**Q** 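For reference, the structure I am asking about is given below.
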Amino acid sequence: MTADLQWLADLPGRCPACFLHEVQGHRARLDDGVTVTGCTNSGPVGVAAGTVARDLGIAATVEAHPDDAARVDEVLNRFIRSGKPFTANDTRPLLTGVKGSVIGGRFNAAARRGLMRRTGKRVPSTDPGTHAHRLDEWQGVAA
């Protein structure tokens with residue numbers, strides 16, 4: 001299991017089979033209050049389930065493209081060390097051909113490791129295909 005998935009397994013009381021729901025004894029309580037016996041691998045419903053499903057999907061994509069993940073880490077570390085604010089779009093010209101989910105996954109991993117933080121600003125995307133949707137702005141955290 002990679003570090004990107006390990007954080008899910010390390011959460012207290014998580015199902016050891018799928019990590020998607022909490023386990024209390026042999027029963028799992030889902031976000032909507034429904035209790036089920038055993039692991040159905042369908043996981044909980046609601047925002048928490050969406051977050052976990054997103055993180056599992058990103059981790060699976062990153063695992064499937066380890067060379068791309070290493071490329072993203074290298075580029076991302078340059079931006080982090082610069083100390084200047086940046087967005088995912090600032091990194092994309094240096095990452096031609098890399099899946100967006102790999103880029104997002106490495107952003108999440110760097111943030112979880114405390115290497116960078118959101119500045120609190122959301123800026124318009126510079127990618128014409130995204131119709132100026134808002135992006136989080138990030139900044140490296142001084143060591």
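All values derive from a computational prediction rather than experimental measurement.
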**Q** How many angstroms lie between CZ in Arg117 and CG in Asp136, if you round to the nearest 0.5 Å?
**A** 12.0 Å
**Q** Look only at the side chain of Asp90 and the backbone of Thr87, and say whether a donor-acceptor pair between them is shorter than 3.5 Å.
**A** yes
**Q** Taking the side chain as everything from C-beta on, heavy atoms only, tell me whether Thr91 gets closer than 4.5 Å to Phe107.
**A** yes
**Q** Mind listing the closest non-hydrogen atom pair of Thr126 and Asn89 along with its distance?
**A** N-ND2, 3.1 Å
**Q** Roughly how far, to the nearest 0.5 Å, is NZ of Lys121 from CD of Gln139?
**A** 10.0 Å
**Q** Work out which heavy atom in Ser125 is nearest to a heavy atom in Thr130; give both atom names and the distance.
**A** OG-OG1, 2.7 Å
**Q** Indicate yes or no: at least one non-hydrogen side-chain atom of Phe79 is less than 4.5 angstrom from one of Met116.
**A** no
**Q** Within this structure, what is the CZ-CG distance for the pair Phe86 and Leu76, rounded to the nearest 0.5 Å?
**A** 5.0 Å
**Q** Once you round to the nearest 0.5 Å, how far does NE2 of His133 lie from CZ of Arg122?
**A** 7.5 Å
**Q** How close do Arg106 and Ala69 get, heavy atom to heavy atom, and via which atoms?
**A** CD-CB, 3.8 Å
**Q** Are Pro124 and Arg134 side-chain neighbours, meaning at least one heavy-atom pair lies under 4.5 Å?
**A** yes
**Q** Pair Thr119, Glu137 - check side-chain hydrogen bond (donor to acceptor under 3.5 Å, both in side chains), show working.
**A** CA-CA 6 Å; Thr119 65; Glu137 184 180 71; 2.9 Å; yes
**Q** So, taking the atom named CZ in Arg81 and the one named CG in Leu115, what distance separates them when rounded to the nearest 0.5 Å?
**A** 10.5 Å
**Q** Please round to the nearest 0.5 Å and tell me the distance separating atom CG of Asp73 and atom CG of Asp68.
**A** 11.0 Å
**Q** Under a 4.5 Å side-chain heavy-atom rule over Ile, Leu, Val, Met, Phe, Trp and Tyr, are Leu135 and Val102 clustered together?
**A** no
